[in-house]
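Step one of this worksheet: look at the structure below.
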Amino acid sequence: MSKKIEREEISSRRKLLVSAAGVAAGAATAVLASSNAVAAPATPASGASVGKHTGNTVTTKDGTLIHYKDWGTGPVVVFSHGWPLQGDAWEDQMMFLATNGYRVIAHDRRGHGLSSQPWTGNDMDTYADDLATLMDTLDLKGATMVGHSTGGGEVARYIGRHGSKRVAKAVLVGAVPPQMVKSANNPNGLPMSVFDGIRSSVLADRSQFFKDLTTPFYGYNRPGSKPSQGVRDTFWAQGMQCGIKNAYDCIKQFSETDFTEDLKKMDMPTLIVHGSDDQIVPIDTSGKASAKIVKNAKLLIYEGAPHGLPTTHKDKLNADLLAFLKS
């Protein structure tokens, strides 16, 4: 696929997202203008695996375009999103931190959001390498890496593969490590049938599946919850921006990847945040288990919080992130 055609495809998907979300024309213009107002990249360090940089995308070694946002100035915070979403899933945290003196960067994982939708490379090692290309190209130093759900696995694998020379701190929020699926080494994990069911649902009618998934994702099936149709619509719109092949392949990555050895290499201060009522990534086999492996981990449990706590508990998470960044 030529770069011209690929950029036209990305442009078309950008328009689809705005339309599907039902955003007012004026607000959409402001958001898109902000996403394009990126900081100029610094001169890369010697020996960095630098990709081609154009506007708000970088190109990986296999030609995949990775779209990202880069807002604000100050200490760097890099966000990795969950499945099947995109960098915009972090907008509440990015807006808050950028207005409090931080430079915030969030990319769309390959296959997700406004990034390319390649047929190959939809695996955790490549996700981490794509993130390394972004961080090397922008020459980021002393960054705090923050990952939610699958993004938490991406952060762990990045550190496992590329080390911590660019990383000062890490935050895992409702993250999938150490491993989700039940296995000989993970007897308390979820049975493979759970993830086979997700695969079947994605192939059968992923649009309806993404709509249905918002109920347990945000805890809207719990007494006292206050469902937001806007939140549901945003989740669906972002999910439908993800290519079906990319979404399908990623299921294996977030469920079967064993991040144990990656977690052991996380020697920086690490904050682990998890909801006690997470119905998607159960806390006992994820957040609590990771906290026992990471050397310098602090575990914060949000009582009654669901998997989508960056949205449902955004004020609390924002305050905890800011305190951790300043500590």
Item checked: Closest heavy-atom pair and its distance - Ile251, Phe195 -> CG2-O, 4.0 Å
Item checked: Main-chain N/O of Met268 paired to Lys295 side chain as donor or acceptor, under 3.5 Å -> no
Item checked: Nearest non-hydrogen partners of Asp92 and Asn318, listed with the distance -> O-ND2, 3.7 Å
Item checked: Donor-acceptor under 3.5 Å (Ser276 side chain, Gly304 main chain) -> yes
Check: Is Ser207 close to Met240 at the side-chain level, that is, under 4.5 Å between some pair of heavy atoms?
Finding: yes
Notebook entry, point to check: Rounded to the nearest 0.5 Å, how far does OG of Ser201 lie from CZ of Arg206?
Noted result: 13.0 Å
Note to self: Could you tell me if the side chain of Lys288 sits less than 4.5 Å from the side chain of Ile301, heavy atoms only?
What the structure shows: yes
Item checked: Minimum heavy-atom distance between Ile159 and Ala170, given as atom pair plus value -> CD1-CB, 4.5 Å
Next item on the list: Quick one: sort the Phe209 and Trp83 rings into parallel, tilted or perpendicular, breaks at 30° and 60°.
Entry: tilted
Checklist line | Donor-acceptor under 3.5 Å (Ser115 side chain, Gly111 main chain) | finding: no
Next item on the list: Output, in order, the C-alpha distance, side-chain angles, deciding distance and verdict of side-chain hydrogen bond (donor to acceptor under 3.5 Å, both in side chains) for Ser183 and Asn185.
Entry: CA-CA 5 Å; Ser183 66; Asn185 295 328; 5.3 Å; no
Check: Does any N or O in the side chain of Gln117 come within less than 3.5 Å of the main-chain N or O of Asn246, such that one atom is a donor and the other an acceptor?
Finding: no
Next item on the list: Classify the angle between the aromatic ring planes of Tyr302 and His313 as parallel (below 30°), tilted (30 to 60°) or perpendicular (above 60°).
Entry: tilted
Next item on the list: Report the relative orientation of the aromatic rings in Phe79 and Trp90; use parallel for angles under 30°, tilted for 30 to 60°, perpendicular for over 60°.
Entry: tilted
Item checked: Heavy atoms from other residues, nucleotides or ligands near CE of Met95 exceed 12 (cutoff 6.0 Å) -> no
Next item on the list: Can you measure from OG1 (Thr120) to CG (Asp249) and round to the nearest 0.5 angstrom?
Entry: 9.5 Å
Margin query: Quick check: closest heavy atoms across His274 and Asp278, and the distance to 0.1 Å?
Written below: NE2-OD2, 3.3 Å
Next item on the list: Apply the test salt bridge (charged side-chain N to carboxylate O under 4.0 Å, His left out) to residues Asp262 and Lys265: give CA-CA distance (whole Å), side-chain angles for both, the deciding distance (0.1 Å), then the verdict.
Entry: CA-CA 5 Å; Asp262 303 304; Lys265 295 178 181 179; 5.6 Å; no
Next item on the list: Assess whether side chain to side chain contact (heavy atoms under 4.5 Å, CB included) is satisfied between Leu85 and Phe235, documenting all intermediate values.
Entry: CA-CA 7 Å; Leu85 305 175; Phe235 183 100; 3.6 Å; yes
Note to self: Within the structure provided, determine whether Thr57 and Ile66 are in side-chain contact (heavy-atom separation under 4.5 Å).
What the structure shows: no
Next item on the list: Could you point out which residue of Ile105, Leu138, Thr144 forms a side chain to side chain contact (heavy atoms under 4.5 Å, CB included) with Val76?
Entry: Ile105
Check: If you round to the nearest 0.5 Å, how far is NZ of Lys69 from CG of Leu114?
Finding: 8.5 Å
Checklist line | Ionic contact status for Arg110 with Asp62, cut-off 4.0 Å | finding: yes
Margin query: To the closest 0.5 Å, what do you measure between CD1 (Ile272) and CG (Leu299)?
Written below: 6.0 Å
Check: What's the spacing between Leu322 CG and Tyr102 OH if we round to 0.5 Å?
Finding: 5.5 Å
Check: Does Phe96 have Lys314 sitting over its ring (NZ/CZ under 6.0 Å from centre, angle to axis within 45°)?
Finding: no
Notebook entry, point to check: Is Glu154 salt-bridged to Arg157, going by a charged N under 4.0 Å from an acidic O?
Noted result: no
Next item on the list: Take Val77 and Leu325, measure what side chain to side chain contact (heavy atoms under 4.5 Å, CB included) needs, and give me the verdict at the end.
Entry: CA-CA 9 Å; Val77 184; Leu325 289 167; 3.9 Å; yes
Margin query: Does any part of the side chain of Cys250, heavy atoms only, come nearer than 4.5 Å to the side chain of Asn122, both counted from C-beta?
Written below: no
Next item on the list: Check the pair Thr126 / Asp129 against side-chain hydrogen bond (donor to acceptor under 3.5 Å, both in side chains), numbers first and verdict last.
Entry: CA-CA 5 Å; Thr126 306; Asp129 293 348; 5.3 Å; no
Note to self: Run Gln93 and Leu317 through side chain to side chain contact (heavy atoms under 4.5 Å, CB included) and show every step you take.
What the structure shows: CA-CA 8 Å; Gln93 288 66 48; Leu317 180 60; 3.8 Å; yes
Check: Do Val171 and Thr270 come close enough that some side-chain heavy atom pair is under 4.5 Å?
Finding: no
Check: Could you go step by step and tell me if Asp139 and Arg166 meet the salt bridge (charged side-chain N to carboxylate O under 4.0 Å, His left out) rule?
Finding: CA-CA 8 Å; Asp139 196 24; Arg166 296 188 180 277; 3.0 Å; yes
Checklist line | Min side-chain heavy-atom separation Trp236-Arg232 under 4.5 Å | finding: no
Notebook entry, point to check: Counting N and O atoms only, with roles assigned by atom type, does the side chain of Thr59 sit under 3.5 Å from a partner on the main chain of Gly63, one being a donor and the other an acceptor?
Noted result: no
Checklist line | Heavy-atom check, side chain of Leu190 versus side chain of Lys182, under 4.5 Å | finding: no
Note to self: If I take atom CG from residue Leu131 and atom CZ from residue Arg161, how far apart are they, to the nearest 0.5 angstrom?
What the structure shows: 12.0 Å
Margin query: For a quick test of reading the model, state the closest non-hydrogen atom pair linking Pro178 to Thr285 and the distance between them.
Written below: CD-O, 3.5 Å
Check: Taking a hydrophobic cluster as the set of Ile, Leu, Val, Met, Phe, Trp and Tyr residues connected by side-chain heavy atoms closer than 4.5 Å, whether directly or through intermediates, do Tyr248 and Val194 fall within one such cluster?
Finding: no
Check: What residue among His67, Gln238, Arg109 forms side chain to side chain contact (heavy atoms under 4.5 Å, CB included) with Gln86?
Finding: Gln238
Next item on the list: Examine distances only and state if a side-chain atom of Asn296 and a backbone atom of Asp267 form a donor-acceptor pair shorter than 3.5 Å.
Entry: yes
Note to self: Can you give me the closest heavy-atom contact between Asp320 and Leu271, atom names plus distance?
What the structure shows: O-CD2, 4.3 Å
Next item on the list: Answer with yes or no whether the hydrophobic clustering places Leu203 together with Ile198; edges join I, L, V, M, F, W, Y residues whose side-chain heavy atoms lie under 4.5 Å apart.
Entry: no
Check: Between Val146 and Val78, is a side chain to side chain contact (heavy atoms under 4.5 Å, CB included) present by the stated rule, with each step listed?
Finding: CA-CA 6 Å; Val146 184; Val78 179; over 6 Å; no
Check: Is the backbone N or O of Val202 less than 3.5 Å from a side-chain atom of Asp205, with the two atoms forming a donor-acceptor pair by type?
Finding: no
Next item on the list: May I ask you to check whether over 12 heavy atoms, not counting those of Lys61, lie within 6.0 Å of atom NZ?
Entry: no
Next item on the list: Would you please classify the geometry between the His81 ring and the His107 ring as parallel, tilted or perpendicular, with 30° and 60° separating the classes?
Entry: tilted
Next item on the list: Kindly check if the number of other-residue, nucleotide or ligand heavy atoms within 6.0 Å of NZ (Lys252) is above 12?
Entry: no
Checklist line | Lys/Arg-Asp/Glu bridge criterion (N-O < 4.0 Å) met for Asp277, Arg222 | finding: yes
Check: Will you find, in the side chains of Asp108 and Gln241, an N or O donor that is under 3.5 Å from an N or O acceptor?
Finding: no
Note to self: I'd like to check Tyr220 versus Ser228 (side-chain heavy atoms, cut-off strictly below 4.5 Å). Are they in contact?
What the structure shows: yes
